[in-house]
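I have placed the structure first, in the form of structure tokens, so that the comments after it can refer back to it.
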Amino acid sequence: MHDEQPPSPVDFRAVFEALPAGVALLTPDLIYVEANPRYLRLAGRRREQVVGRYIFEAFPDNPRRKDALGTHRLAASLRRAAGGQRDTMAVQRYDTQRSDEPGVWDERYWSVLNVPVLGPDGRVRWVLNRVEEVTELLRAKNECPAERANFMEAELYNHARELQDVNERLRSAYAREREVALVLQSAMLPAPSPSPHAGPHAAAVRYRPAQGALNVCGDWYDLVDLPEGRTAVAVGDVVGHGLEAAAVMGQLRSALTATLRIADGPAQALEALGLHARSIPGAEAATAVAVIVDPARHDLHYSSAGHLPPALLAPDGGVTLLDRATDPPLGAHPEHLPRPQAALEYHTGATLILYTDGLIERRDEDIDTSVARLAHSLTGHRTLDPEPLADALLADLLPSDGATDDTALVVLPL
């Protein structure tokens, strides 16, 4: 019986060099970091002529072609990849200048795929640019009569350009839908107003849509004045994006606002909201958390439907998570069951923070680490008033190149 040998570490440099496709790595600013031999052979360049250079400095458009769109379309695709989106381009004509004969350009056609490569923090660290030349395939002159080959070349190239145009129109349509959805969501989310029971300052609220991504318009927040000087505050998150998510969000927010006014506590309000969510297409697996603050008794009652725990920041910088009354998301129970509710006392000068997952969650990071980062930021900014505290939290916790998910945030002084 042979002893099993531990697997040897993978030599990723050797794998990269041996890839049969032409592959290069660029920074998000489109500076070449590396290129494999196949890429260099296709481009007709040596490594030192590429690495360290801006891609369109190394490979400019053919100045003799007034209708050249190669750099424009490739730049748009690379920017999408740098923003976190995998992008496959239609076949492109992109002439290349001979390195040994300046001023001499070869007519060439390419199939291009651009892919974001993420670092450990979930941010785009590189852009992978994979290219394959399809010039000979388009021309097919070795197998077809010259007249038919020219016809095939023209037809394929025209269809490729049409596909590229269709893709651009689809992206424009998506951008318009995203803008409409954001406007609709903004109209449905309430603006905070000062109230005598909200402490010396009004609540600070923030909403930040995902940067260039689909996960927009599902997050919401609400602040509700209740009898006897109490305040209800809630945040929630709808699975989905765009107009559909904004519409579902509006229905759930409005329903919870109404139930918080008449229910006997936040748990009962979320029970009613869960029943209502079953009748709303797209509301499946939505999460929400509700807190009722009673300044006369210096306590708060809370309940969570699958949502991240709110945080209570004490005047001395201590942070307590409201995590003792958490249940599955709305509509998740096959039958109606009572939801848990917990209470917590607080001192004057404390601050209540509610948020959605876009604020803290990161790829390849467990939730405890994410919540600990939030607590550390809160403690470090404990002396700030609500408005600057909200801005500080966003600056500390959101990625500098934009979040990949919506973010809603409420900072309520107590």
Item to complete: Quick one: closest heavy-atom pair of Arg208 and Leu398, and the distance?
Response: CG-CD1, 4.2 Å
Worksheet item: Testing Ile353, Asp406, Leu374 for side-chain contact (heavy atoms from CB on, under 4.5 Å) with Leu359, which one passes?
Response: Leu374
Worksheet, complete the sentence: Scanning both residues in full, the closest heavy-atom pair of Ala24 with Tyr32 reads CB-CE2, 3.7 Å
Worksheet item: Can you name the closest pair of heavy atoms from Phe16 and Val23 and give their distance?
Response: CZ-O, 3.6 Å
Worksheet item: Quick check: does any side chain N or O of Thr259 sit under 3.5 Å from a backbone N or O of Leu256, one acting as donor and the other as acceptor?
Response: yes
Worksheet item: Between Pro315 and Arg382, is any pair of side-chain heavy atoms under 4.5 Å apart?
Response: no
Practice prompt. State, without any angle test, whether Thr96 and Arg108 hold a side-chain donor-acceptor pair at a distance under 3.5 Å.
Written response: yes
Worksheet item: Looking at Ala325 and Ala342, what are the two nearest heavy atoms and their distance?
Response: CB-N, 3.6 Å
Worksheet item: Are Val235 and Trp220 side-chain neighbours, meaning at least one heavy-atom pair lies under 4.5 Å?
Response: no
Discussion item. Counting only heavy atoms not in Glu48 (residues, nucleotides, ligands), do more than 12 fall under 6.0 Å from its CD?
Written reply: yes
Worksheet item: So do Leu226 and Ile292 actually touch side chain to side chain, heavy atoms under 4.5 Å?
Response: yes
Worksheet item: For Asn36, does its backbone N or O pair with a side-chain atom of Glu17 as donor and acceptor, under 3.5 Å?
Response: no
Discussion item. Could you measure the distance from the OG1 atom of Thr287 to the CG atom of Asp357? Nearest 0.5 Å is fine.
Written reply: 7.0 Å
Worksheet entry | Sub-4.5 Å side-chain heavy-atom contact between Glu361 and Ile367 | yes
Worksheet entry | Test item: side-chain donor near acceptor, Asn114 and Asp87, under 3.5 Å | no
Worksheet item: Within a strict 4.5 Å, meaning less than it, do heavy atoms of the Val238 and Leu252 side chains meet?
Response: yes
Fill in: Salt-bridge contact Glu34-Arg47 (side-chain N to carboxylate O under 4.0 Å)
yes
Worksheet item: Taking all atoms of both residues into account, what is the closest heavy-atom pair of Asp264 and Gln341, and its distance?
Response: O-OE1, 4.5 Å
Practice prompt. For the residue pair Tyr346 and Pro295, establish whether any side-chain heavy-atom pair is separated by less than 4.5 Å.
Written response: yes
Worksheet item: Is the backbone of Arg13 close enough, under 3.5 Å, to the side chain of Asp11 for a donor and an acceptor to pair up by distance?
Response: yes
Fill in: Salt-bridge present (Asp222, Arg253; N to O < 4.0 Å)
yes
Item to complete: Answer yes when Arg230 and Asp294 have at least one side-chain N-carboxylate O distance shorter than 4.0 Å, and no when they do not.
Response: no
Worksheet item: If you round to the nearest 0.5 Å, how far is CG of Leu330 from NE2 of His307?
Response: 11.0 Å
Discussion item. I need the single residue from Thr348, Leu312, Thr351 that forms a side-chain contact (heavy atoms from CB on, under 4.5 Å) with Leu414. Which is it?
Written reply: Leu312
Worksheet item: Can Met89 and Leu74 be said to form a side-chain contact (heavy atoms from CB on, under 4.5 Å), step by step?
Response: CA-CA 8 Å; Met89 301 182 67; Leu74 179 58; 3.8 Å; yes
Fill in: Euclidean distance, Thr356 OG1 relative to Leu409 CG, rounded to 0.5 Å
8.0 Å
Practice prompt. For the residue pair Tyr39 and Asn129, confirm or rule out a side-chain donor-acceptor distance under 3.5 Å.
Written response: yes
Discussion item. Just verifying a value: how many Å separate Thr27 OG1 and Trp126 CH2, rounded to the nearest 0.5 Å?
Written reply: 11.0 Å
Practice prompt. Decide whether Asp396 and His381 meet the rule of one side-chain donor and one side-chain acceptor closer than 3.5 Å.
Written response: yes
Discussion item. Pair Arg86, Leu113 - check side-chain contact (heavy atoms from CB on, under 4.5 Å), show working.
Written reply: CA-CA 8 Å; Arg86 180 188 179 99; Leu113 171 66; 3.6 Å; yes
Worksheet entry | Test: Glu387 and Arg206 ion pair at under 4.0 Å | yes
Response to the item:
Rounding to 0.5 Å, atoms CZ (Arg373) and CG (Leu393) come to a distance of 11.5 Å
Worksheet item: With a cut-off of 6.0 Å (strictly less than), are more than 12 heavy atoms of other residues, nucleotides or ligands near CZ of Arg125?
Response: no
Item to complete: Tell me, yes or no, whether the heavy-atom count around His298 atom NE2, taken from other residues, nucleotides or ligands under 6.0 Å, exceeds 12.
Response: yes
Item to complete: Identify the two heavy atoms, one from Arg38 and one from Gly22, that lie closest to each other, and give their separation to 0.1 Å.
Response: CG-N, 3.3 Å
Practice prompt. Take Leu384 and Asp391, measure what side-chain contact (heavy atoms from CB on, under 4.5 Å) needs, and give me the verdict at the end.
Written response: CA-CA 10 Å; Leu384 296 180; Asp391 291 335; over 6 Å; no
Worksheet item: Is a donor on one side and an acceptor on the other found under 3.5 Å between the side chain of Ser279 and the backbone of His276?
Response: yes
Worksheet item: Counting only heavy atoms not in Glu57, do more than 12 sit closer than 6.0 Å to its CD atom?
Response: yes
Discussion item. When you compare the side chain of Glu132 with that of Val112, does any pair of heavy atoms fall below 4.5 Å?
Written reply: no
Item to complete: Would you sort out whether Val291 and Leu354 count as a side-chain contact (heavy atoms from CB on, under 4.5 Å), showing the intermediate values?
Response: CA-CA 9 Å; Val291 183; Leu354 287 79; 4.2 Å; yes
Worksheet entry | Spacing of Ile31 atom CD1 and Ile55 atom CD1 [to the nearest 0.5 Å] | 9.5 Å
Worksheet item: Do Asp219 and Tyr207 meet the criterion of a side-chain donor-acceptor pair at a distance under 3.5 Å?
Response: no
Practice prompt. Give a yes or no on this: more than 12 heavy atoms of other residues, nucleotides or ligands lie within 6.0 Å of atom CZ of Arg278.
Written response: yes
Fill in: Short side-chain to backbone donor-acceptor contact, Ser77 and Arg73, under 3.5 Å
no
Worksheet entry | Min side-chain heavy-atom separation Pro340-Tyr302 under 4.5 Å | no
